[in-house]
Amino acid sequence: MRFFFLLLFYIIYLPNTLAQVQFSEESILLGFDNSCYGIGTLGGGISFFDFDNDGWDDITVSSEEGEPVKFYNNTNGYFSQIDFGIEDELFETKTVQWIDFDNDNDYDLFITSNSDSNVLFENLGNMVFDNITISSGLNLNNNSNFGSSWGDYDKDGLLDVFICSRGNLGDDIQNYLYHNNGDGTFTIVNDLVGIDNNHHFSFCSAFFDYNNDGWQDLYIANDKLDTQNLLYKNNGDGTFTEVGEETGTNLSMDAMSTTIGDYNNDTWLDIYITNTVAGNIFLKNNGDGTFSNIAENNGTLFESAAWGAVFLDAENDTDLDLYVSGALDGTTSFLPSAFYENDGIGNYTIPSSAGFENDTAQSFSNAIGDINNDGYPDIAVLNYEPDNIFLWKNITNQNNNWLKVKLEGIDSNRQGIGSWIEISINGNKQYNYTLCGEGFLGQNSAYEFFGLGAANSIDYIKVSWLSGQVDVIQTPPINSHITIIEGGELGINENQDKNLLVYPNPGKKFHIKINNFSEKMVLHLTDVTGKVLLNRSQQSSETSLDLSDFDSGVYFLNIFNQSQILTKKLIIN
């Protein structure tokens, strides 16, 4: 009888909490022919980020020398390579990141290079770009630049950038912290803030808050055994102090990447660092200013040639799993890659049938996003030739619920980078911290993913911004994409109805496409007060809207008839 009840328990409850993880590699099916990195030095970077702000995560891929940076636009879950008409010097590139450095509601493009200069393209609106590298002060030549991470270390509402240089023994190069001056220019502040000017063979870094004091600290992954990883504590007065030894983070290793997450939901951010066959490092934050390496105990050593890594809740069962890319191709006994599944209490194993059996390319950077806006995170991986990128589509049986949260800062930086997002499910908490520049040369979606398991409701979402503002949204809808504007306002859900597509957005001239169009619809445009500014009948499934004569700002487009209403937030820049 006892066996019967145990069996009944597993049949009824476990399908809602332990959905079988399943991924399918679908890059060619979804439009990624001719998308490999080539054979550039030590790999390149990938961004799984909605660069045109239309609600669909796009993909950007860095390149070897002689090849351009590649842009793939996501339309309803399918990708097509596009050309923005930017002047590409065709030098070898590393990080490709979309950032709103000037807080003007569109995404600018920052690219690092190990063979030439970094490049900053300002988005002038409508995805028209201007190369402002020289005038911005970010022209850093011949510095073997690899990773870049963005954060607001002085909490002035503007994104600053830390640039890592790796190079070779004897190179006269260093890392640089650039302060955003708010006028389109950046200034090197190493000496002012306490960042040393030595060569550390640095691949990547991450701005995060290791001691929960509200200020962004900086962790740096350094290659080679004769250098140590560095942790710079933010003193809250515009300066940093290096605290690697006292925190236990001053590791001597072949460190490739810095992956940040709260794997055990204890409100303290942990660090995963990839390495060579000596084994990866999993630094558990003890909450007392120290860290402990638990990789051997929790099953995440990897012990191969690891590069990119990313935390994700693959099956939306409320705990963080882990994916690691590797440079080996599976022809040896060493792991070529690994998907580690969390058992719910922080122990990790590699499931035998999650779909990654052919994940055997020479891989470097990876990132997560959402191909089809189904709330289940997908994984993009950048590979050496002859392999195109891998696009691991998450096809896990969708028994579990989810939530995606995107931030829009007002007093804080516009992307809300450096914010804590907390959700509560029947009193059980989960935490995500917003970063820009993650893993090895990666950039994840602007949305933070939360798995809800079988829960049918959320108590609240709490956002703690860098400005000090704390917003609480009570009982938000589940299985939805939510934008929270600093101050507690909920933005119109970009994806609340996939039947209405508006692009480019932000912009001035908008293209509108209505799927499942019904005849005799009405188009309304209102301002934030609800005042109707435009009213016309809508006779077809596609139209254009020229708002060049309107002032910059936020507007709302409503298209409706007696049976349906479609709504989209428009930003005129």
Side-chain angles (χ1 to χ4, degrees), residues 19-40 42-46 48 57 59 61-62 64 70 72 74 77-79 81 256-257 259 274 276-277 280 299-315 321-342 348-372 374 376-398 439-442 444:
Q20 175 64 49
V21 177
Q22 193 68 41
F23 284 82
S24 173
E25 203 292 293
E26 299 189 2
S27 57
I28 299 302
L29 291 174
L30 296 180
F32 286 97
D33 193 17
N34 188 34
S35 61
C36 75
Y37 177 66
I39 54 172
L42 302 176
I46 194 166
F48 204 160
D57 284 329
I59 289 179
V61 178
S62 68
E64 67 175 342
K70 300 179 180 70
Y72 296 88
N74 184 347
Y78 293 88
F79 295 81
Q81 188 172 354
M256 314 301 183
S257 64
T259 301
T274 54
T276 54
V277 294
N280 295 350
T300 58
L301 271 176
F302 193 71
E303 295 178 298
S304 185
W307 288 89
V310 63
F311 283 115
L312 71 160
D313 185 353
E315 67 273 64
D321 310 300
L322 178 67
Y323 176 81
V324 181
S325 296
L328 301 183
D329 61 6
T331 59
T332 70
S333 60
F334 294 100
L335 287 170
S337 65
F339 172 77
Y340 291 104
E341 186 173 9
N342 191 331
Y348 291 83
T349 56
I350 300 176
S352 60
S353 57
F356 294 100
E357 293 78 13
N358 295 319
D359 191 0
T360 55
Q362 295 184 62
S363 305
F364 292 89
S365 181
N366 57 46
I368 61 170
D370 193 348
I371 295 169
N372 54 358
D374 66 351
Y376 276 66
D378 309 295
I379 308 171
V381 183
L382 184 59
N383 299 319
Y384 261 173
E385 63 179 38
D387 293 290
N388 290 305
I389 74 165
F390 284 155
L391 190 55
W392 295 102
K393 187 175 183 180
N394 193 334
I395 57 172
T396 301
N397 185 20
Q398 298 187 21
F440 180 75
L441 310 180
N444 294 328

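Everything numeric here is computed off the predicted structure, so don't read it as measured data. The chain is numbered in sequence order, starting from 1.
- Relative ring orientation between Tyr384 and Tyr37 is described as parallel, the plane-to-plane angle staying below 30° on a 0-90° scale split at 30° and 60°.
- A donor-acceptor pair is defined here as one N or O able to donate and one able to accept, closer than 3.5 Å; no such pair exists between the side chain of Ser365 and the backbone of Gly45.
- In this structure, the side chains of Ile379 and Ile368 come closer than 4.5 Å at one or more pairs of heavy atoms.
- Using a 4.5 Å heavy-atom cutoff, the side chains of Met256 and Leu42 are not in contact.
- The shortest distance between side-chain heavy atoms of Ile59 and Phe32 falls below 4.5 Å.
- In this structure, Thr259 contributes its side chain and Ala309 its backbone to a donor-acceptor pair below 3.5 Å.
- For the pair Glu64 and Ile39, the minimum side-chain heavy-atom distance is below 4.5 Å.
- Atoms OG and CH2, from Ser337 and Trp307 in turn, are 15.5 Å apart once rounded to the nearest 0.5 Å.
- Inter-residue side-chain proximity for Tyr376 and Leu312 is flagged as unmet; no heavy-atom pair is nearer than 4.5 Å.
- Heavy-atom minimum distance, Ala380 versus Phe48: CB-CD1, 3.7 Å.
- Atom CG of Asn394 is separated from atom CD of Glu315 by 8.5 Å, given to the nearest 0.5 angstrom.
- Side chains of Asp378 and Asp57 form no contact here, defined as non-hydrogen atoms less than 4.5 Å apart.
- Closest approach of Val61 to Ser35, counting heavy atoms only: CG1-O, 3.9 Å.
- Rounded to the nearest 0.5 Å, atoms CG (Asn342) and CG (Leu322) are 9.5 Å apart.
- Annotation: side chain of Leu441 is not in contact with side chain of Phe364 (no heavy-atom distance under 4.5 Å).
- To the nearest 0.5 angstrom, Leu301 atom CG is 7.5 Å from Tyr340 atom OH.
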* **Stepwise side-chain contact (heavy atoms from CB on, under 4.5 Å) check, Phe79 with Leu391** => CA-CA 11 Å; Phe79 295 81; Leu391 190 55; 4.0 Å; yes
* Test side-chain contact (heavy atoms from CB on, under 4.5 Å) applied to Ile350 and Leu335, step by step -> CA-CA 11 Å; Ile350 300 176; Leu335 287 170; 4.2 Å; yes
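- A pairwise comparison of heavy atoms in Asn34 and Tyr72 identifies O-OH, 3.3 Å as the closest pair.
- Between the side chains of Ser363 and Asn383, at least one donor N or O lies within less than 3.5 Å of an accepting N or O.
- Asn388 places a side-chain heavy atom less than 4.5 Å from the side chain of Ile28.
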* Worked verdict on Glu25 versus Ser27 for side chain to side chain donor-acceptor pair (under 3.5 Å) -> CA-CA 6 Å; Glu25 203 292 293; Ser27 57; 2.9 Å; yes
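- For Leu328 against Ser304, the heavy-atom pair with the smallest separation is CD1-OG, 3.4 Å.
- Between atom CG of residue Leu30 and atom CD1 of residue Ile371 there is a gap of 5.5 Å, rounded to the nearest 0.5 Å.
- Residues Gln22 and Ser353 approach most closely at OE1-O, 2.9 Å, considering heavy atoms.
- Without hydrogens or angle criteria, Asn366 side chain to Gly308 main chain gives a donor-acceptor distance under 3.5 Å.
- Nearest heavy-atom pair across Ala314 and Asp321 is N-OD2, 2.9 Å.
- Taking the six-membered ring where the residue is Trp, Phe339 and Phe23 present tilted rings, their angle falling between 30° and 60°.
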* Can you check side-chain contact (heavy atoms from CB on, under 4.5 Å) on Asp387 and Gln362, steps first, answer last? -> CA-CA 8 Å; Asp387 293 290; Gln362 295 184 62; over 6 Å; no
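- Under the ring pair (Phe, Tyr, Trp, His ring centres under 6.0 Å) rule, Tyr323 has a single partner from Phe390, Phe311, Phe356, which is Phe356.
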